[in-house]
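These notes concern the structure reproduced below.
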Amino acid sequence: MLACTWCVVGYAQPRPATPAPTVECSNAARAPSAAYAAHIASIDRELGIPPGYGESHGLTLVPEPATLADAGKDLRGRTVKLAPAAAAALKRMTAAAAKDGVTLQIVSGFRSAAYQAALLRTKLNRGMSIATALSINTPPGYSEHQSGCAVDLATPHSPAADQSFARTPAYAWLNRHAAGYGFHLSYPPTNAHGIEFEPWHWRYVAPVQSGRR
């Protein structure tokens, strides 16, 4: 393989950009209540997640949004929900990609804290260590999916939620254009959150007008 300024272990990486705007896409940006924080702490204790794990890994406690909208269908034909602004932006982005001959498919959108806990519990019941499980899924209460602002994407002929997505034309298209629709890659390689590289996971924040098409 030829040397590549923007490649890490064969994966094309997004070029450095200005920091994403801090405007949130839903009312999940509101401060969580003390009762909610206590509820999440109880769930995390039951799962064996170390106290303060979220904060020590740069993760923010995220309430679930009051309003969700249909964002389209996932790979199994189920309706995916996102915060209204994120759902509308995803539809615009998917349509733009299609015009360029790129198919973007939805794997996952909004997930509740209970759903997130079930994902981790399944891994633990299979014998996975909590440390390894937390490199794959964030703790309940801290998942970007819980805000309704994050979406996992796939493309035909590439396994869902697999790092090989980073070698697809769809990922290259997202690197060039996603920010123009408000979507940003959350977990690049060696990210500060301790999450494995997830080229499929994109979070809607706010559109960068200069990149809009």
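When reading the values below, keep in mind they use all heavy atoms of this one structure, side chains included, and skip hydrogens, waters and symmetry mates.
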Expected list for residues 113-120: side-chain donor-acceptor pairs under 3.5 angstrom, two or more places apart:
from : atom 1 : to   : atom 2 : distance (Å)
Q116 : OE1    : R111 : NE     : 3.2
Q116 : OE1    : R111 : NH2    : 3.3
Q116 : NE2    : T138 : O      : 3.0

Using atom types as modelled, flag every donor-acceptor pair under 3.5 Å from a side chain in residues 82-90 to any protein atom, sequence neighbours excluded.
none

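The hydrophobic cluster containing F110 does not contain Y187, counting ILVMFWY residues as joined when their side-chain heavy atoms lie under 4.5 angstrom apart, directly or transitively. Follow the hydrophobic side-chain contacts under 4.5 Å out from L124 and you reach I43 in the same cluster. Hydrophobic clustering keeps L134 apart from M128 (ILVMFWY residues linked when any side-chain heavy atoms are closer than 4.5 Å, directly or through intermediates). I195 and L59 end up in different hydrophobic clusters when Ile, Leu, Val, Met, Phe, Trp and Tyr side chains are linked at under 4.5 Å.
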T132 and S129: CA distance, side-chain angles, deciding distance, side chain to side chain donor-acceptor pair (under 3.5 Å) verdict: CA-CA 5 Å; T132 299; S129 71; 3.0 Å; yes

Ring pair (Phe, Tyr, Trp, His ring centres under 6.0 Å) assessment of H177 paired with Y181: CA-CA 7 Å; H177 303 298; Y181 297 90; 7.7 Å; no

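Atom NE2 of H57 has more than 12 neighbouring heavy atoms from other residues, nucleotides or ligands inside a 6.0 Å radius.
Here the shortest heavy-atom pairing between A178 and M93 reads CA-SD, 3.8 Å. Residue E64 comes nearest to Y36 through the heavy atom pair N-OH, 4.3 Å, listed as atom of the first residue, atom of the second, then distance. Nearest heavy-atom pair across S108 and V80 is C-CG1, 4.4 Å. The two atoms that bring A160 and V107 nearest to each other are CB-CG2, 3.9 Å, heavy atoms only.
Pairs of residues two or more places apart, or lying in two chains, never qualify as ring-ring contact (aromatic ring centres under 6.0 Å, His included) while including a residue from residues 75-108. Applying the salt bridge (charged side-chain N to carboxylate O under 4.0 Å, His left out) definition to pairs two or more places apart or across chains, those involving residues 46-63 are E46-R121. Contacts classified as salt bridge (charged side-chain N to carboxylate O under 4.0 Å, His left out) and involving residues 179-202 (residues at least two apart or in different chains) are not found.
Using a 4.5 Å cut-off on side-chain heavy atoms (C-beta onward), L174 and L104 make contact. Contact check for V151 versus F183: side-chain heavy atoms found under the 4.5 Å cut-off. Counting heavy atoms from C-beta on, the side chains of K73 and Q105 never come closer than 4.5 Å.
A side-chain contact (heavy atoms from CB on, under 4.5 Å) with Y142 is found for exactly one of I40, V62, T60, namely I40.
Among residues two or more places apart in sequence or in another chain, the salt bridge (Lys or Arg N to Asp or Glu O under 4.0 Å) test is passed with D70 by K81.
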